[in-house]
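Here is the structure we will look at.
Lettering follows sequence order; numbering is per chain, from 1. Just so you know, these numbers come straight off a predicted model, no measurement behind them.
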2 protein chains.
Amino acid sequence: MAYELYYWDGLQGRGEFVRLALEDAGAPYIDVARETKKSGYGTDAMMKVLNSKTEPHIPFAPPFLKDGELIVPHVANILLYLGPKLKLAPKDEGLRHVAHGLQLTIADFVAEVHDTHHPLATDLYYEDQKDAAKIRTRNFLDKRVPKFMNYFERVLKQNPHGDTQMIGNTTTYVDLSIFQIVDGLHYAFPRAMKKFGALYPRVAAIHDAALQRPNIAAYVDSERRIPFNESGIFRHYPELDQDA
Amino acid sequence: MAYELYYWDGLQGRGEFVRLALEDAGAPYIDVARETKKSGYGTDAMMKVLNSKTEPHIPFAPPFLKDGELIVPHVANILLYLGPKLKLAPKDEGLRHVAHGLQLTIADFVAEVHDTHHPLATDLYYEDQKDAAKIRTRNFLDKRVPKFMNYFERVLKQNPHGDTQMIGNTTTYVDLSIFQIVDGLHYAFPRAMKKFGALYPRVAAIHDAALQRPNIAAYVDSERRIPFNESGIFRHYPELDQDA
């Protein structure tokens, strides 16, 4: 049976981290909100789960995955669940917790990316918090990106199995998520990212290696890959970008 | 062998969610940074792990747990790992993902609590972002607290096993974490919390029930429980509080 991925239509957002793993593994899945209402799916079907008064395990927000009756919410949790099934997780139980820890650090980074354009309130428009966004983004680019990226460089450098994957000796969902955050940063902050490859060569190489994987290459060229846009996590507002 | 919990000395912070589970279970643990340097522990021992150039699985930040050679970072990941060992997790594998999803929602809430006093930058003083903090806190109290707490009320109401625990029919680490966020909100925002019990009776009851557990009652009365203070996540700045 196909997995059901529930996420907002029209943006990559947090759902994209799950899509990349499913696509890389060639796993059958339904991107529920993007299907037609006539087929029994669509955004209405997602809202029905979110607003259910009887479902025993309601999620707080998209994305969530449905596998049969089980609802698994939160990106990192979904990847923890799917990883072994898609052969994109370490085999060792302890290492799975290490991979999950890396994914949770990526989740924290993604939340900080979101807050660059929404530092004061999620439900206010960007235009109404632009001054605060400029301060927060400057701090993000000057301090937070180096802090996270230097950490990921160290993780790669100290991997006893080599620096071509984030953990162990095989590609995992963590590598695909690193691809996504680097890709998103290039979209959102092209000026600030100009020296990225020189500063963080190992992380940049993980990004490039993902694009060499046939299923990922096919996916990013397909219509299933929604282009980055200003509804997503990574938004290109030129006034927030700055030279590296 | 005792678990080793690594977290900053002098504050409850994110480490407290792990302490509550360990204390409730009566599990042996060493609160590493709070031990003396002479004993081989202390903050230096924590920094040594964080700055290690040889450790294969370095954490991004505290808290992290060491169990033998394994290092597990991130609160929700630590509780996922410890839950079954401490008998504070559901027995069913699927339900463990549901419990973990709830814990990740709590983690998101905790990050939003932190950002009420640090909306622009983690490494700037509160005093240098007070105006932004006022805007963000107002939005947090008016919109975000109700959004999260109404969700937790629904989770309790829709639990097929009854509304006296967040998941399944036994107390889990999720209930102890709910205790902690409600306790923290009472400390940080006493005015805004005045109607909390009337608005969110089931969530308030989870808080009160935790205090009836002998090991939690003994812990919160002990010197091991660091008092809330303005170095932690939940900070009492009267100028940010407002009437309910």
| note | Ordered numerically, the heavy-atom neighbours of chain B under 4.5 Å found in residues 75-84 of chain A are A:Asn77, A:Leu80, A:Tyr81
| field | Which atoms of A:Asp67 approach chain B - backbone, side chain, both or neither, heavy atom under 4.5 Å | value | neither
| query | Would you say the side chain of A:Val72 lies within less than 4.5 Å of the side chain of B:Val98, judging by non-hydrogen atoms? | reply | no
| task | Check whether any side-chain heavy atom of A:His97 lies under 4.5 Å from a side-chain heavy atom of B:Ile71, and answer yes or no. | result | no
| task | Indicate whether the side chain of A:His100 and that of B:His100 have a donor and an acceptor atom separated by less than 3.5 Å. | result | yes
| For chain B, which of A:Asp123, A:Thr116, A:Thr122 has the most heavy-atom pairs under 4.5 Å? | A:Asp123
| query | Got a sec: does the CD of B:Glu69 have more than 12 other heavy atoms crowding it under 6.0 Å? | reply | no
| request: Please look at A:Leu104 and chain B and tell me whether the side chain, the backbone, both or neither of the residue comes under 4.5 angstrom of a heavy atom of that chain. | output: both
| query | Can you tell which of B:Leu102, B:Ile58, B:Asp115, B:Leu70 has the highest number of heavy-atom pairs within less than 4.5 Å of chain A? | reply | B:Ile58
| message | If we define contacts as heavy-atom pairs under 4.5 Å, which of A:Ser52, A:Ala61, A:Gly94, A:Pro73 has the most with chain B? | response | A:Ser52
| query | Looking only at heavy atoms, which of residues 137-147 of chain B get nearer than 4.5 Å to chain A? | reply | B:Asn139, B:Lys143, B:Lys147
| task | Please state whether the side chain, the backbone, both or neither of A:Asp131 comes within less than 4.5 Å of a heavy atom of chain B. | result | neither
| remark: If you tally heavy-atom pairs under 4.5 Å between each of A:Arg136, A:Glu93, A:His74 and chain B, the highest tally belongs to A:His74
| Highest number of heavy-atom pairs under 4.5 Å with chain B: which of A:Leu95, A:Thr54, A:Ile135, A:Thr105? | A:Thr105
| message | Run the side-chain contact (heavy atoms from CB on, under 4.5 Å) test against A:Ala132 and tell me which residues pass, sequence neighbours left out. | response | A:Pro119, A:Leu120, B:Leu120
| chain A: which of B:Ala107, B:Ala111, B:Ala121, B:Gly101 shares the most heavy-atom pairs with it under 4.5 Å? | B:Gly101
| said: Are there residues of residues 149-162 of chain B whose heavy atoms fall under 4.5 Å of chain A's heavy atoms? If so, which? | reply: B:Tyr151, B:Arg154, B:Val155, B:Gln158, B:Pro160
